[in-house]
Protein chains: 2
Amino acid sequence: MNGSAIKSDFIEPSSEGHVRRQRRKMQRVTMMDVAKRAGVSSSTVSLYLRRPEAVSPMAGQEIAQAIEALGYVPNLVAGGLAAAGSRVVSVIVPSIRNAFFAETVATLQTELAAEGLQVMLGHSEYSEEDEEALIRTALAWAPAAIVLTGLRHSKAARHLLASASVPVVEMWELGAQAPIDMAVGFCHTAVGATAARHFAQQGFTQLAFLGARLLQDSRAATRAEGFAVEALRLGLPEPQILNHPAPATAEAGAQLLGRVQASLPKLQAVACSNDLVALGVLFECQRRGIAVPGDLAVMGFGDLSFSSTSNPPLTTIRPSGDLIGREVARLIKACTKGNRPPGADRIVDTGHLLVERKSA
Amino acid sequence: MNGSAIKSDFIEPSSEGHVRRQRRKMQRVTMMDVAKRAGVSSSTVSLYLRRPEAVSPMAGQEIAQAIEALGYVPNLVAGGLAAAGSRVVSVIVPSIRNAFFAETVATLQTELAAEGLQVMLGHSEYSEEDEEALIRTALAWAPAAIVLTGLRHSKAARHLLASASVPVVEMWELGAQAPIDMAVGFCHTAVGATAARHFAQQGFTQLAFLGARLLQDSRAATRAEGFAVEALRLGLPEPQILNHPAPATAEAGAQLLGRVQASLPKLQAVACSNDLVALGVLFECQRRGIAVPGDLAVMGFGDLSFSSTSNPPLTTIRPSGDLIGREVARLIKACTKGNRPPGADRIVDTGHLLVERKSA
DNA sequence: CTGAAAGCGCTAACAC
DNA sequence: GTGTTAGCGCTTTCAG
């Protein structure tokens, strides 16, 4: 229990290691070991690690050396227990395969890491039930914060979270209802409306919305609804909303275009729930000899990396996934530092931006 | 920035909670509370949680009820400390924005979650130095396993890992050197060779490799090298390798095509480091009126979701990111269950698959 | 500025 | 089967 692990003077490739570890506790280098070697108490080491300036320079020097010599790695698990709160941030997204969330999670992770916060990742796969289970597990880690996607959660989940008194940030959606605690995102109804308005301004009247997994992805469904409602409000005929049951891919987009062409031959413009879907539409239009934007205007959502380079370049709506990540990180950092943002600042609207290119 | 979309006059939970929590420990429901209410000892509760069948049905019933009534959420941090090893798996990838890794991480997370293992995510951004820091932090969590991308790591990182006696899985690369512990992936040299061979078989002699961030992404560089070496071996002229400093995007592909067209007018076939790059090439070819595969054959890498639908459908090489995720999970599960795979089984080759479509 | 002491909530022998 | 007893490695008062 008190040995120094560094006795093996060089790499000891752990062939035995695992077994040993499983049977008996590893003789890990502890803070106590460092303290002894530095000739101080473990609480001084602890203090040094947290606020080096609060320790005398001499002791600090000694400690630093001991840490180096012993190859000490602090045990955050023990630290978390003692401090009654770990430096973990649990992030739950529908799927990291989705480029939107990948972008946000990437930014979030980088920002949080700079603050010594770890990201624990979970996938709800668009299931409230799975999400609830994930939240339950997340809570078991006494996380510094929990980040959820969207405002829709099971009742039990909301209850769990509300009574856990842990900072919660809901992201990628605003407006549908009041957040549990904090929220960073934008209004999807407004996104749909922006698309409808853009089409209306260009004089199109025959519109459609092409979406994938609309039954699961409530945010995409909200965009579709916002699109339809705004079109109606502008006096246009009701746009048709087509849904593909598979995840949002170019393949789905291509198929949807086929379907909508069959049912609405006079179609003038389509808004897609995702740039990938729009890309598939573009591909299928090329195959069918439909000129974009001449015969058909196409609008995407997401402004993914390929959207500026496609033929034609895709007009789309940018949600700023990285900005969301950055703002979520900001909120969380504030909370862990003890200055929880006041009321209104707990909701940040990242808005959306119409990126006009050539496809619409 | 902070337009408060909804003033949360609704749920107002935890406004005090955080403060209280930070100042004094929360009076969290503990296992002891459950035990008392169920009229048993806490170790019985602990046992029940781990192996319900080892507890008498009556006691089990009582405990289950108490847990329910109290809304008990086990504290995994405490559990991890006591058990000298947390149920965390630290996964470090260059970037989750990259669809390859997103796919693998998604699969991995789902598989691991089923076993009660949590994924902690880190991004190295293709920097060995950042990776090392990430590994150091990961180790601080006494993780059940660490998953790294590729076989290249700083010396210090390798040392850290080897002396930590924690299962390590390196993924997405095989063959460059011996893994630290376990590895799941495929040989990138072979991928490059497959591409070269495919072109050679079709009689092309003027080849090029278009890559992005080749200086950072050593695996992509290895594919490029494998491509060139195989071409040479087959008696073809040395392929030119072009590199774009930005991340792999369609934009980069489009620009690379421009460059390679200028320098190699007789070019017959290009292999790309990534399907996104290939997509950009396809787009640019359309713009320039270059027929694919008529005037130029294009091959991608990754088999991303759009590749089957593009114009023309992209011939590419599929690395099976999800299979990698599944195999990594399998290895880790075996380790946590105490049956560490023997020697040869610690390396699994997931291979690669040439997906012949129309672009080459 | 430093050290001693008291846990954090749970697991894991080991008795009973 | 179930309870008792020790800690896991660290943070955090609280004295000195």
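Chain A is the first sequence line, chain B the second, and so forth, proteins listed ahead of strands; every chain is numbered from 1. Only this structure's heavy atoms are used, side chains among them; waters, hydrogens and symmetry mates stay out.
- Among the protein residues, B:Leu47 comes within range of the nucleic acid bases, having at least one heavy atom under 4.0 Å from a base atom.
- Counting any heavy atom pair closer than 4.0 Å across all strands shown, A:Ser56 reaches sugar-phosphate atoms only and no base atom.
- One finds a salt bridge joining A:Arg340 and A:Asp181 here, because a Lys/Arg side-chain nitrogen approaches an Asp/Glu carboxylate oxygen to under 4.0 Å.
- Between B:Asn75 atom CG and C:dT11 atom P the separation is 9 Å, expressed in whole Å.
- Salt-bridge formation is detected for the pair B:Glu115/B:Lys337: a Lys NZ or Arg NE/NH1/NH2 atom is positioned less than 4.0 Å from an Asp or Glu carboxylate oxygen.
- In terms of modelled atom types and a separation under 3.5 Å, the side chain of B:Arg346 and the main chain of B:Pro341 share a donor-acceptor contact.
- Taking only side-chain atoms of A:Val40, from C-beta outward, the nucleotide of C:dG9, D:dT11, C:dG3 with the closest atom is C:dG3.
- Residue B:Val77 is classed as having no contact, given no heavy-atom separation below 4.0 Å to the nucleic acid.
- Here the nucleotide nearest the side chain of A:Ala78, chosen from C:dG9, D:dC10, D:dG3, is D:dC10.
- Of the candidates D:dG9, C:dT11, D:dT11, C:dT11 carries the atom nearest the B:Ala82 side chain, counting heavy atoms from C-beta on.
- B:Tyr48 comes within 4.0 angstrom of no nucleic acid atom, judged by non-hydrogen atoms across all strands.
- Looking at A:Ser43, its side chain has no donor and acceptor atom pair within 3.5 Å of the base of C:dA5.
- In this structure, A:Arg330 does not pair ionically with A:Glu111, as no charged nitrogen and carboxylate oxygen lie closer than 4.0 Å.
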